[in-house]
Structure formats: C-alpha cells, structure tokens
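Below is one structure, written out as structure tokens; comments come after it.
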2 protein chains.
Amino acid sequence: MPATIYDIAKKAGVSIATVSRVFNNSAKVSDKARTKVMKVADEMGYHPQAYAQGLASRKNNTVMIVVPVISNYFFMEVLSGVQDKLSQLNYELSIFNISPNKDIEEQVEHVLKRRWAEGYLFISIHLEDSQWENLKRYNVPITLIDEHYEGFDSVSVDNAQGAYRAAKSFFEQGYKRVAMLSALETSKPIRDRMKGYKKALNEFNLSFDEKLVVKGDSMQRDGFTERAGYEAMTKILDMKPMPEACFCASDIQAVGALKAMQDTGKRIPIIGYDDIELAEYMGLSTIRQPMRDMGFFATQNLIDRMNNPEKAISQTIYSPELVARSSTEVKNKKTGS
Amino acid sequence: MPATIYDIAKKAGVSIATVSRVFNNSAKVSDKARTKVMKVADEMGYHPQAYAQGLASRKNNTVMIVVPVISNYFFMEVLSGVQDKLSQLNYELSIFNISPNKDIEEQVEHVLKRRWAEGYLFISIHLEDSQWENLKRYNVPITLIDEHYEGFDSVSVDNAQGAYRAAKSFFEQGYKRVAMLSALETSKPIRDRMKGYKKALNEFNLSFDEKLVVKGDSMQRDGFTERAGYEAMTKILDMKPMPEACFCASDIQAVGALKAMQDTGKRIPIIGYDDIELAEYMGLSTIRQPMRDMGFFATQNLIDRMNNPEKAISQTIYSPELVARSSTEVKNKKTGS
DNA sequence: CTGAAAGCGCTTACAG
DNA sequence: CTGAAAGCGCTTACAG
C-alpha cells in the first residue's frame with residue numbers, strides 16, 4: 001500500500017494539515033516543518049493523489065483536450081501549440097478522444113459531467129447551435145478550436161475564405177474547369193469549403209457543376225486520408241474532359257492525389273489545405289491554417305477564462321493564406337482570363 | 001452547483017446507496033428503483049464524478065498513455081491501434097505527455113504517484129534498467145511499447161534487425177558506400193539502428209566509416225523531422241565521393257531527404273524506417289514496423305494484466321520487414337557484388 | 001432488494 | 001505557524 005498523508009504526518013511528527021500545506025506551497029509553514037515533511041515524503045515516495053485532491057479542493061490543475069479522431073495531422077500541429085503554452089504554466093494536460101462511432105454530443109456531455117478538468121479545449125468538435133447552447137449549462141471554461149459558436153470563446157479559421165482563395169487563384173490563371181477533391185459532404189469543414197468554392201465560381205461567372213466535386217470511396221476519418229485522396233484523384237483524371245486543376249480539401253488527401261497523378265502520368269495543378277509540415281517538403285501549394293498559433297492562442301484564452309470567468313466571450317477568426325509551391329507550377333499553364 | 005448523488009437520492013426517494021448501485025450496473029436493484037433513479041438523474045443531468053468515484057472505489061476505469069513528444073507519426077499510428085482495442089472495452093483513455101525539457105524519470109514517477117489510472121501504456125519511453133527497476137515498486141500494471149525491459153510486459157520491434165535488413169539489402173545490390181541518415185545519437189532507436197547498420201557492414205566485410213553517419217542540425221524531436229532529414233541529406237549529397245545509397249532512421253526524415261534530392265537534382269536510392277501511412281504514397285521503400293498491431297496487442301496485454309496481476313510477464317518482439325518501393329529503384333543501379 | 005454508516009485521502013476555514 | 005475537525009461525493013461491506 002502506498003503511503004498516504006497520514007503516514008507522512010505521523011512519521012514527520014506533524015498534522016496532516018501541515019503536510020497538505022507543504023505540498024500546496026502554502027507560505028504559512030515553518031522551514032523546519034517543511035524540510036522535515038519533504039524529507040519523509042521523499043523517503044516514502046509520497047505524492048498527493050490526484051483524485052483525493054480533486055475531490056477535496058474541487059480543482060485539479062488539469063486542462064483537457066476533447067477531440068475526435070486523434071490520429072490526424074491538423075490535430076497534431078494544434079496540439080504542439082497547446083503544449084508550448086501549457087508547458088509555461090503549471091497545468092497538466094489530458095486528452096479525451098471522442099469516438100466517431102458513438103453520439104458526439106453524448107460523449108461530450110459525459111466528459112463534462114465527469115468533471116475531469118478545470119478547463120476544456122474542444123478541437124474540431126462540430127455541433128449544432130442548439131447543442132452548444134445546451135452545453136452552456138455546465139458552466140465550465142471551454143474554448144473551441146476549429147469551430148465557431150457565439151456562446152463560447154473560439155479560435156477558428158475562415159474555411160470558406162480559404163477555399164475561395166484557392167479556387168480564385170485558379171480562375172485568375174484562366175482555368176475554368178476546376179475540380180474540388182472533397183470528403184464527407186456532411187462534415188463541417190467540407191460544407192464551409194464548398195461555400196468558398198462556389199463563391200469563387202460565382203465571382204468568375206462560372207456555373208457550378210456537381211460532377212466536378214469528387215470524393216474517394218474510403219470514408220474512414222470522414223475521407224480525410226491519403227487513400228481517399230488517391231481514389232478521388234484517380235476519378236478526376238479519368239473524367240472526359242479532364243478538369244484543368246484541382247483544389248483538395250486537405251493536404252493529406254493531396255498527398256494521395258499527387259501519387260495518383262504520378263501513377264497515371266497525368267498531371268494537373270493542385271492546391272491542398274492546411275499546410276501541414278510535410279507540404280513544404282512535397283512542394284505542395286496549399287492554404288495555410290496557422291495551426292500551432294491557434295493552439296497556443298486558444299490555450300492562453302482558456303487559462304484567462306479559468307482565472308476570470310466573467311471575462312467577455314471572444315471569437316478569434318484567422319484568415320488563411322495561399323502558399324504557392326511547385327504543385328501549381330505546371331508547364332502547360334494557361335494565361336489570361 | 002451541479003447535482004450530487006444526494007440530490008438524486010432525495011428526489012427519487014431512495015438512498016444514495018441505491019443511486020450508486022444503479023450507476024454501477026449492480027444487478028441487485030429493482031427495476032422500479034432503477035427506472036426512477038435514471039429518470040431523475042437524466043432530468044438533473046447527473047453523472048457520478050470521476051474523482052469521487054475514483055477515491056471511494058480505488059479504481060477509475062482509465063488507461064493512461066504516457067508518451068514523450070506527442071506530435072509524432074509513430075505515436076499516432078500506435079495510438080490508433082490502442083483506440084481500436086479500447087473501444088471494444090469499457091475503459092476510458094487519457095494521455096499524458098512527457099515534456100522533453102524536464103527529467104523523464106521524474107515525470108514518469110510523478111504520473112504513477114498521482115495514481116491517475118489503473119493501467120499505463122508507456123510509449124517510446126526509454127530509461128535505464130535501474131530506472132525501470134525503480135519503477136517496479138509502484139506495483140501497478142504497465143506495458144511498454146517500443147521499449148524492452150525484462151521486468152515489465154513489453155511490445156517492441158527489433159530495431160537492430162530492421163536497420164540490418166535495410167543496410168544489407170543495399171550491400172547485396174553491390175553498394176559499398178552506404179550512408180546512414182541519423183538523428184540524435186544518444187536516442188535509443190538510433191543506438192539500436194546503428195548496431196544493425198554496423199552488423200551488416202561487418203557481414204559484408206566493409207569497414208565502418210563514421211563520416212557516412214550524418215545527421216541534420218535541427219535537433220527538435222531528437223532530429224526525427226523533415227527538416228533534419230533535409231539538412232542531413234543535403235550534406236550527404238555534398239560529400240565527395242558521394243555515398244551510393246542511404247538508410248534513413250525514419251520515414252519522416254526520408255521525406256526531407258527526398259526533397260533534398262529533388263532540389264539538388266542528385267539522386268541516390270534511399271530506405272526509410274517505420275512505414276507510416278504516407279510512405280506508400282511517396283513511393284518510399286522502408287522498414288515496416290507494425291505500429292497499429294503493436295498498439296492493439298499491447299493494450300490487450302495491459303488489460304489482461306489489470307485483470308490478472310499475477311500473470312507471467314511477457315516480452316513481444318516483432319521483426320520488421322523491408323518494403324520495397326520506388327525510392328530504391330534507381331536507374332544506375334549496380335548489380336552483382 | 002435496500003439503507004445506515006464507515007471510509008477513501010485529501011483541503012480548508014476556524015481557532016489558537 | 002499549526003492542529004482538530006468537517007466536508008468533498010462517492011462505494012461497499014454489513015445487516016436486514
């Protein structure tokens with residue numbers, strides 16, 4: 001049996017209150033008592049149990065990330081921003097993974113009810129406004145990343161604008177039949193990016209052709225995979241007439257798309273979305289989302305709210321920018337419009 | 001204030017013991033009481049608090065992953081295996097991130113002392129035997145992934161053998177000056193892979209030339225990054241005479257290496273290490289580590305131990321295999337030996 | 001099947 | 001600066 005605060009108190013000849021104070025860095029402990037307690041605690045390998053502390057103090061110094069599908073490049077980069085921020089502070093980080101097979105809202109509520117953390121970072125959790133509203137009653141600090149809802153602090157990127165910029169850049173170069181390599185239509189990012197794609201079409205007086213919106217057959221991770229990208233691009237290259245350029249819904253799909261072009265020997269300019277670290281090394285033109293910054297900033301924001309619950313709610317929206325690399329440099333590039 | 005078990009008990013007209021039993025799926029509750037409690041609990045949005053349950057029952061149904069540098073491809077894939085297994089069971093998953101800037105053993109001990117979970121999966125945590133031995137006294141279920149120590153269950157891959165196979169395949173094709181694109185020398189995987197590289201050299205009667213072991217300058221994530229791979233390959237391609245082939249310590253470094261070759265126009269066959277999902281789409285020959293399987297199997301193993309602490313300790317070691325793709329198909333390939 | 005009661009290992013006013 | 005004591009929200013023998 002591991003030592004408890006009672007064991008330490010007895011051995012150090014003090015009360016459990018004093019032991020507790022030592023571990024909580026309370027100033028009101030004599031150096032003598034502090035030294036003695038630390039010595040004994042060290043000998044016995046003692047450290048306060050998280051669960052007992054949490055129950056008694058009603059706080060646990062923990063920030064929890066709630067995220068669906070953890071093995072995802074976007075998440076990884078956001079996470080590194082979160083970690084950068086958190087490591088400057090004295091909070092512990094825990095991650096809860098929402099399963100894609102069960103009801104999302106239910107799982108989120110479950111996490112909140114369990115009261116695991118003092119503050120939550122929701123990453124890429126997309127709910128209806130009414131569901132978000134419903135979550136407000138838990139009255140706990142939550143910051144949304146990659147999602148937008150007026151009732152909570154949020155940090156997101158304007159997806160429609162990103163897609164718009166990508167499509168627009170193609171149209172400006174004179175391409176008219178620009179495919180959109182898509183993923184699960186009902187997913188929030190796809191819905192938003194679709195809007196941007198259509199907006200650009202509109203602006204250039206081009207009509208929307210649903211045949212140009214293509215997704216793969218594999219739908220794991222909502223279709224944001226190399227495989228789905230490969231499948232979709234294979235279809236695109238098979239179309240007659242073949243589209244002149246392609247906007248991909250994510251860099252990871254674009255990786256699959258590049259491979260499909262290589263395998264078939266056909267090649268059209270493509271633009272990805274995200275700017276994951278790899279993109280630079282693959283020469284992939286893409287729409288940059290400042291993922292690390294988002295994680296860093298959102299964490300700062302969450303901590304601020306934890307310290308000051310009355311703080312005004314803020315929405316932070318980043319504008320994504322186009323990063324041009326070799327995947328859009330194609331020899332037979334058209335010019336003029 | 002959120003509802004407690006007392007609120008529910010009072011409103012449902014039963015004792016707190018009954019409420020507790022309902023939530024713990026105890027069979028010994030009348031349907032009537034169960035229905036009533038569930039109804040009230042639902043109305044009041046009640047769910048037992050993790051910390052109070054954990055304290056009272058001394059278990060928390062949680063498995064914790066302890067891992068350094070979370071944003072890493074190897075980890076992501078192992079994780080998906082863990083999740084596959086865990087989603088079949090009723091355990092909750094939490095992740096603790098070991099900071100690379102602080103003492104690792106200290107952080108690990110801290111986690112164990114805090115008693116956050118009932119079982120731990122240590123991924124890519126490398127310690128000395130004496131340190132592992134020291135950890136045994138916590139007497140808690142731990143399964144090691146990507147590390148090997150006799151005192152704990154472990155699931156790992158034979159790193160030396162993987163490197164050996166990669167190097168050997170080059171030597172068999174007649175290459176003699178085979179570079180090793182390395183990373184932080186003191187890291188465990190590098191030390192092991194170095195052994196395999198040397199073993200192959202030996203077998204082919206080639207002498208070890210330390211100039212052929214090259215790493216990048218960026219040492220974040222111990223040098224296992226695209227950038228470090230790019231830097232290292234740039235150096236390799238600059239050497240006179242230029243090495244004839246290159247074994248990379250990880251796929252992610254190989255991605256950087258491929259870019260360096262593309263940028264300089266020089267090209268030598270390369271083999272990566274890991275077989276991350278991307279490798280297939282980049283045509284990267286590599287040494288496959290069964291990452292998902294490792295995660296899946298290790299989780300199974302951990303759960304088994306949690307249910308049966310007396311179970312014999314087992315070491316599972318996978319043999320990595322070479323997956324040949326286009327990155328080793330170079331036109332000026334030599335033949336014969 | 002159900003309830004009263006002790007206990008899990010801490011924190012934190014309160015009194016000194 | 002320090003200790004006695006109540007309380008955090010649960011679980012779980014024990015007795016019925």
Side-chain angles (χ1 to χ4, degrees), chain A residues 1-38 40-41 44-62 92 110 112-118 138 140, chain B residues 1-38 40-41 44-62 92 110 112-118 138 140:
Chain A
M1 283 288 89
T4 69
I5 198 171
Y6 295 96
D7 303 323
I8 307 303
K10 184 184 290 178
K11 198 148 180 185
V14 298
S15 72
I16 60 165
T18 297
V19 177
S20 173
R21 289 188 183 107
V22 168
F23 276 91
N24 289 293
N25 288 314
S26 164
K28 305 174 258 173
V29 182
S30 66
D31 276 357
K32 185 168 160 246
R34 184 185 304 277
T35 314
K36 180 71 180 163
V37 167
M38 284 310 257
V40 174
M44 308 188 67
Y46 171 79
H47 196 280
Q49 283 192 29
Y51 280 48
Q53 273 191 314
L55 180 58
S57 67
R58 264 144 295 163
K59 34 183 200 167
N60 55 24
N61 255 74
T62 301
E92 283 167 4
H110 179 249
L112 261 22
K113 283 181 186 166
R114 296 285 275 165
R115 321 182 115 252
W116 257 304
E118 288 177 59
Y138 289 100
V140 61
Chain B
M1 282 286 92
T4 69
I5 199 171
Y6 295 96
D7 302 324
I8 307 302
K10 184 183 290 178
K11 199 149 180 184
V14 297
S15 72
I16 61 163
T18 296
V19 176
S20 172
R21 288 188 184 106
V22 168
F23 276 91
N24 289 293
N25 288 314
S26 165
K28 306 174 260 172
V29 183
S30 66
D31 276 356
K32 184 167 160 246
R34 184 184 305 277
T35 315
K36 180 72 180 164
V37 167
M38 283 312 256
V40 174
M44 308 188 65
Y46 171 78
H47 196 282
Q49 282 192 29
Y51 280 47
Q53 272 191 315
L55 180 58
S57 68
R58 264 142 296 163
K59 32 184 202 167
N60 55 22
N61 255 75
T62 301
E92 284 167 1
H110 178 249
L112 261 22
K113 282 180 186 166
R114 294 285 275 166
R115 322 183 116 252
W116 257 302
E118 288 177 59
Y138 289 101
V140 61

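Within every chain, numbering begins at 1; the chains are lettered A, B, ... in the order of the sequence lines, protein sequences first and strands thereafter.
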Between P on dC10(D) and CZ on Arg115(A), what's the gap in Å once rounded to a whole number?
9 Å
Tell me whether the side-chain N/O atoms of Ser57(B) come closer than 4.0 Å to OP1 or OP2 in dT11(D).
no
d(NZ, Lys32(A); P, dT2(D)) in whole Å
8 Å
Just to be sure I follow the notation: if a pair is Watson-Crick (purine N1 to pyrimidine N3 plus N6-O4 or O6-N4) or a G-U wobble (N1-O2 and O6-N3), each under 3.5 Å, what dot-bracket string does DNA chain D give, with | for pairs to another strand?
|||.||||||||.|||
To the nearest angstrom, the CD-P distance between Gln53(B) and dG9(C) comes to 17 Å
Taking side chain to side chain donor-acceptor pair (under 3.5 Å) as the test, write out the residues that go with Asn24(B), two or more places apart.
Ser20(B)
Quick one: on DNA chain C, does Ala52(B) or Asp31(B) contact a more 5' nucleotide (nearest heavy atom)?
Asp31(B)
Donor-acceptor pair under 3.5 Å: do we get one between Tyr6(B)'s side chain and the base of dC8(D)?
no
If the P atom of dA13(C) is compared with that of dG9(C), how far apart are they to the nearest Å?
23 Å
Please confirm whether the shortest side-chain N or O distance from Tyr46(B) to OP1 or OP2 of dC10(D) is below 4.0 Å.
yes
Looking only at non-hydrogen atoms, find the nearest pair between Tyr51(A) and Trp116(B) and report the distance.
OH-O, 3.5 Å
Quick one: which of dA4(C), dT12(D), dC1(C) gets closest to the side chain of Ser15(B)?
dA4(C)
Considering only dG9(D), dG3(D), dC10(C), which nucleotide approaches the side chain of Ala56(B) most closely?
dG9(D)
By side chain to side chain contact (heavy atoms under 4.5 Å, CB included) - contacts of Ser30(B) (at least two apart):
Lys32(B), Ala33(B)
Is Asn60(B) reaching over with its side chain to a backbone N or O of Ala50(B), donor-acceptor style, under 3.5 angstrom?
no
Rounded to the nearest Å, what distance is computed from the CZ atom of residue Arg114(B) to the C1' atom of nucleotide dC10(C)?
11 Å
Measure the distance from CG on Asn25(B) to P on dC1(C) and round it to the nearest whole Å.
14 Å
Interatomic distance where NZ belongs to Lys36(B) and P belongs to dT2(C) [whole Å]:
14 Å
Would a distance-only check, ignoring hydrogens and angles, find a side-chain to backbone donor-acceptor pair under 3.5 Å from Glu92(B) to Thr62(B)?
no
Ordered by number, residues from residues 16-23 of chain B within less than 4.0 Å of DNA chain D (heavy atoms) are Ile16(B), Ala17(B), Ser20(B), Arg21(B)
Who are the side chain to side chain donor-acceptor pair (under 3.5 Å) partners of Gln53(A), not counting sequence neighbours?
Arg114(B)
Apply ring-ring contact (aromatic ring centres under 6.0 Å, His included) to Phe23(A) and list each qualifying residue two or more places apart in sequence or on a separate chain.
Tyr46(A), His47(A)
Report yes if some heavy atom in the side chain of Arg115(B) is under 4.5 Å from a heavy atom in the side chain of Tyr138(B); otherwise report no.
no
Please confirm whether the shortest side-chain N or O distance from Thr4(A) to OP1 or OP2 of dG9(C) is below 4.0 Å.
no
Could you check how far CG of Leu55(A) sits from C1' of dG9(D), rounded to whole Å?
5 Å
OH of Tyr51(A) versus P of dC8(C): gap in Å, rounded?
18 Å
Rounded distance in Å between the P positions of dC1(D) and dA5(D)
23 Å
Residues, nucleotides or ligands: over 12 heavy atoms within 6.0 Å of Met38(A) CE
no
Name the atoms and distances for all side-chain donor-acceptor pairs under 3.5 Å in residues 8-18 of chain B, with sequence neighbours left out.
residue: Ser15(B); atom: OG; partner: Ala17(B); partner atom: N; Å: 3.3
residue: Ser15(B); atom: OG; partner: Thr18(B); partner atom: N; Å: 3.3

